[in-house]
Structures are given as C-alpha cells and as structure tokens.
Amino acid sequence: MSERIERPRGTHDVVPAEMARWRHVTDEIERLCALYGYRRILTPAFEDTALFARTSGGGSDVVQKEMYTFTDRSDRSLTLRPEGTAPICRAYVEHGMHRDPQPQKLYTIAPMYRYGAPGRGRYREHWQASVEAIGSGDPSLDAELIQLYDTLLGRLGVCSYHLELNSIGCRDCRPSYLERLRAWLADNDARLDAHTREKAATSPLRVFDNFLAKPEPVREALTEAPTIGGSLCDACVEHFRAVRADLDATGVAYRLVPTLVRGLDYYSRTTFEFVGPMENENSTITGGGRYDYLVEELGGPPTPGIGFGAGIERLLLAMAEDGVEEPPSPGIDVFFALEPGALRSAVVGWLAALRATGVSCDMDYAGRSLKGQLTQAGRLGAAATVVVAGDTATIRRPGGDDTTLPHEAVVSTLSP
RNA sequence: GUGGCGGUAGCUCAGCUGGUAGAGCCCCGGGUUGUGGUCCCGGUGGUCGCGGGUUCGAGUCCCGUCCGCCACCCCA
C-alpha cells in the first residue's frame, strides 16, 4: 500500500451522511434570503491581497497572522478570502451596482480561509453565509438583517443563544472617543496587565476583549474606563436608538454590550454577535455590523452598508448542542431486487425508462443475495421494491399489498 | 504560534506493571421470521497516526514528527 494522504490540517470533508443536515441549513438560509429580498452572488475564492489588507485593518488578527497569502506565477500577491464582506463590496463597486436601485441586498454561501489554530468549530477552511445590504444607512436595515438571522436560528431549532449588540460610532465621534480612551489608558497604565497594555498600544478599542479572562484588578480598572456608548455623537445615538426600537418591535431580544468591538477595522455604528450554546470558546455563531466607509475605501462612491458572516459549521454545532433532530433523508422511489436467475438486461432498460420520467430508482451492483438486496432497498428508503423473477415482477410497498405483473407492465405501472 | 491531553478495525472503544491485537456497531453470507424489521450463527476487515531509539521482545517505555481536542489569543 502507498503512503496515505490525509486532508490538510484544519479542513474537513462533508460526507454524504452529513449532507442532509448541511442542506437543511443552507436551504433555510437561501429560503430566508429570498424572503428578505437578498440575491445570491458568487465571488472568487482568492482576491488581490490588498483588498483584505486595506479593509480589514493592519492591526487585525486576520491580517496579521491568519491570511493565506501566496504569489502566483506572475508574482501577483493573492489571498484566499478570509471573509465575505470585502469581496462582495469589491464586486459591488466593480460592477457599478451603485447605479442600480439601492440598497443592493446580496448574499453568498462560500468557503473562507484563515490560517489559525484549528479546533472544534474552528477551521482553516470553513463555510460562511455572508449577507450584505449595501447602499442604505437606514437603521431599519440593521434591524431587519439581525432579525433575519434571529429567524434563521428559530427555524433551525437553535434556542440556546443570545444576541450582543453595540454601536461603535462613526467618523465623527469615534476619533474623539479614542482620544479619551487613550488618555485614560495612559493615566491608568499602572493598573493594567501586559496583555491589556499591548492592546492599548495597537488597537485601544480592543482592550475590553476577553474581559472575563483578565485579572480581577484589571477588570475593576477597566470598568471605570470610558466606553464608546457614552461618547456617541447625536446622529449615532439616534441611529442606535432606531435600531433597538425596530428590534423591540420585531421581538428580537438583545443584550447591550458596550465593549463589543469586532475583529475587522471597517465596522462603524451597529455591531453585533450571536453567541451560541457551544461549550468551548468558539461559540460566536455569527458576527456582523455596519460598514459605512468600506465601499468608499474600495474606490466606490461614499456608500453605507451592513452585513454579517454566519458560520455554517458553527450553526451545525449549535444545532447539535441544542439537540436538533436530523431531518429525514429522502428515499428513492423504486429498487429492483433480482431473484437468482432473473435477467438483468431487462432491468437496465426499466431503470433508464423510469429515470427518464423522473422516477428515482436503483438496483444492486454488489452481487448481493436476495435478502441482501432487500436490506439494501430498506437502506435506500425505497418507496417500492420490485422483486424480479423470470417472467414476472412483484411490486412491494411497505404496508401495502404485493402486486405481481408481467415484465411488460412494470415501467407503465411504476411511471407517474 | 505557545502550553496541556490524546491518536488501537469504516465508527465507538478495551488492551493491567513491555511478551507479539479484542468487543460492540457497520458491512457480507447463512438460518429464523407473513414479506426490507427482530433474533441466532458465521465471515471480511488492523501500516496499533508516521519515523527513529531502548530491549531478546514495544500498542505498551523514550525522542521526533503529523493530526485531533482543550487553554491562551482571536474569532465564523
């Protein structure tokens, strides 16, 4: 035997046995997106490295240590997409969608790539639904998008989760907040630990990350730090109020988390995360927010936008965690089992004729005994099993009476 | 990337202080059975993650490496 080749670290296969669950999730996403007016878009798996380097932010973990970047044979720097928003915005600009009716509601379901340490619910290649509404700053759109995902969780049977919500301000108010925060961090430097100091130097907004893991004195100190919520400009306060009002109106529960900052730098105003029931730390099933400057940064006109990335694998884990039953996989219509001595040539013709009329059917290709063939019919969930003898065939249906027919009548009897 | 735990049949796992590999499920066959379910009998299937070392002898001990999981970190 040759040396065995295994799948690369951090990747996974979706085998047929899992496909019913997988399809259940993606079908529901597609159904909801259609219901909310989102249209599907497909973008390349790799992009110009600059697309992510410029938009995600140089200080972000994604850019700093998680990008799959490579040069092709012409020395172009390319990167396997780590997230879905920037590519969709790039396509929005590139195809002049800003000239189409606004907002453009777009979504994709596609694999994303991040070179991080793998674990449960954490993959180097993972699938995400990326749902984006570009071209409107209406706060109702923020709420609608959040409500869409909330509805998805409900439809999929996930109930152990909560929604964390925050506003991180805009161009007008965030800089002054940052200034105040920086000043506070400098004044209180002695009360911080090394980790927090490091964050304070690179991305001050993130000093609140992982709050619960910090030493008690540091936590105590940070509770005194100014939060963005107290520093929003009037427009941002009003926007956030309107978002919450819509969420209240649609019955979406949320927790205000004034320290919630997202991992990508392009966000502004509304940010949110849905946190699921998983035991380990990878329990964020969806994260998203508003990105009112992203399109502009990509060379388009000033254009607001909002979206989220929903991890498919984590959704599946959350469903498993909540004990959601597997949807029954559909069986085939007809299975042909041959008595010893029956001619296969006739059955081959019947299969083709029935399939042509839309009847799904199959027979044994493993040399099984009749009993084995009947077992196989059961495994395939056949609605009808046809036991083929020399000149006749007997149609069996679970719970029904057997019908024995001459060969000539088989196809017409089984056709719809 | 750092630290901790783990890796035995397709799956879930057993294998005591080193003596040369087992169970259940699955799969295949036979029998039973008023039909494809149940039950009974039998069978196929293992580079013990990989490589090296210690030893008369390694699944078992040591080193390296790969993979998984957990924590840190961050997120989907």
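Just so you know, these numbers come straight off a predicted model, no measurement behind them. Throughout, a chain's letter reflects where its sequence line sits, starting with A, and its residues are numbered from 1.
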Tell me whether the side-chain N/O atoms of K199(A) come closer than 4.0 Å to OP1 or OP2 in C73(B). no
Restricting both atoms to N or O, compile the protein contacts to nucleotides 30-32 of chain B shorter than 3.5 Å, with distance only.
| residue | atom | partner | partner atom | Å |
| --- | --- | --- | --- | --- |
| G30(B) | OP2 | S369(A) | OG | 3.1 |
| G31(B) | O6 | K371(A) | NZ | 2.7 |
| U32(B) | O4 | K371(A) | NZ | 3.1 |

Could you check which nucleotide pairs with G3(B) in any of the strands shown, counting Watson-Crick or G-U wobble with both distances under 3.5 Å? C70(B)
What's the gap between A14(B) and A21(B) when it is taken at their C1' atoms, as a whole Å value? 11 Å
Listed nucleotide nearest any side-chain atom of R9(A), set G68(B), C74(B), C69(B): G68(B)
Compute both the distance and the angle, then confirm whether R244(A) meets the cation-pi test with Y254(A): under 6.0 Å from the six-membered ring centre, within 45 degrees of the axis. no
Measure OH/Y115(A) against C1'/G1(B) and give the value in whole Å, please. 9 Å
If you take the centroid of each ring, where Trp contributes its six-membered ring, are Y266(A) and Y293(A) closer together than 6.0 Å? no
Looking at every strand, decide which applies to T385(A) at a 4.0 Å heavy-atom threshold: base, sugar-phosphate, or nothing. base
Does U35(B) have OP1 or OP2 under 4.0 Å away from a side-chain N or O of R397(A)? no
Starting from C1' on C72(B), measure out to CZ on R122(A) and report it in whole angstrom. 11 Å
Provide the distance between the two P atoms, one in G6(B) and one in A23(B), to the nearest whole Å. 26 Å
To the nearest Å, give me how far apart CZ (R124(A)) and P (G1(B)) are. 7 Å
Taking everything shown except R40(A) itself, do over 12 heavy atoms lie less than 6.0 Å from its CZ? yes
What's A310(A) touching, base or sugar-phosphate or nothing? Going by heavy atoms closer than 4.0 Å. nothing
Mutual orientation of the aromatic rings belonging to W350(A) and F336(A) [parallel < 30°, tilted 30-60°, perpendicular > 60°]: tilted
In Å and rounded to the nearest 0.5 Å, what is the CG to CZ distance from L185(A) to R180(A)? 12.0 Å
Counting side-chain heavy atoms from CB outward, which of G36(B), C27(B), C73(B) is closest to H195(A)? C73(B)
For I285(A) and K65(A), find the nucleotide of RNA chain B closest to each by heavy atoms; which residue's nucleotide sits nearer the 5' end? K65(A)
Reckon Y123(A) touches a base, only the sugar-phosphate, or nothing at all at heavy-atom distances under 4.0 Å? base
Under-4.0 Å salt bridge between E144(A) and K105(A): yes
Tell me what R314(A) touches on the nucleic acid: a base, only sugar-phosphate, or nothing, going by heavy atoms under 4.0 Å. base
C1'-based separation of U54(B) from C62(B) [nearest Å]: 7 Å
Rounded distance in Å between the C1' positions of G49(B) and A58(B): 16 Å
Sticking with atom C1', work out how far C56(B) lies from G18(B), rounded to a whole angstrom. 12 Å
If we take the P atom in both C74(B) and C67(B), what is their distance in whole Å? 24 Å
Does any nucleotide pair with G24(B) by Watson-Crick or G-U wobble geometry, both distances under 3.5 Å, and what is it? C11(B)
Give the rounded distance in Å between these two atoms: CE of M67(A) and P of G1(B). 17 Å
Any luck finding a side-chain donor-acceptor pair between E313(A) and H12(A) under 3.5 Å? yes
Can you tell me the Watson-Crick or wobble partner of G29(B), both distances under 3.5 angstrom? C41(B)
Of all the nucleotides listed (C70(B), G29(B), A76(B)), which has the minimum atom distance to the side chain of Q128(A)? A76(B)
Could you go step by step and tell me if D142(A) and R290(A) meet the salt bridge (charged side-chain N to carboxylate O under 4.0 Å, His left out) rule? CA-CA 7 Å; D142(A) 304 33; R290(A) 184 158 273 289; 2.6 Å; yes
Using OP1 and OP2 only, check whether a side-chain N or O of R396(A) sits under 4.0 Å from G34(B). no
What interatomic distance, in whole Å, is found between C1' of G3(B) and the corresponding atom of U8(B)? 27 Å
When all nucleic acid strands are considered with a 4.0 Å heavy-atom cut-off, which category describes G84(A): base, sugar-phosphate, or nothing? nothing
In whole angstrom, what separates E273(A)'s CD from C74(B)'s P? 12 Å
Can you confirm whether the side chains of E66(A) and Y115(A) place a donor and an acceptor under 3.5 Å from each other? no
Counting the atoms with a prime plus P, OP1 and OP2 as sugar-phosphate, which does R368(A) contact under 4.0 Å by heavy atoms, base, sugar-phosphate, or nothing? sugar-phosphate
D402(A) atom CG is separated from G36(B) atom P, nearest whole Å, by 10 Å
Could you work out the separation of G4(B) and G22(B) based on their C1' atoms and round it to a whole Å? 30 Å
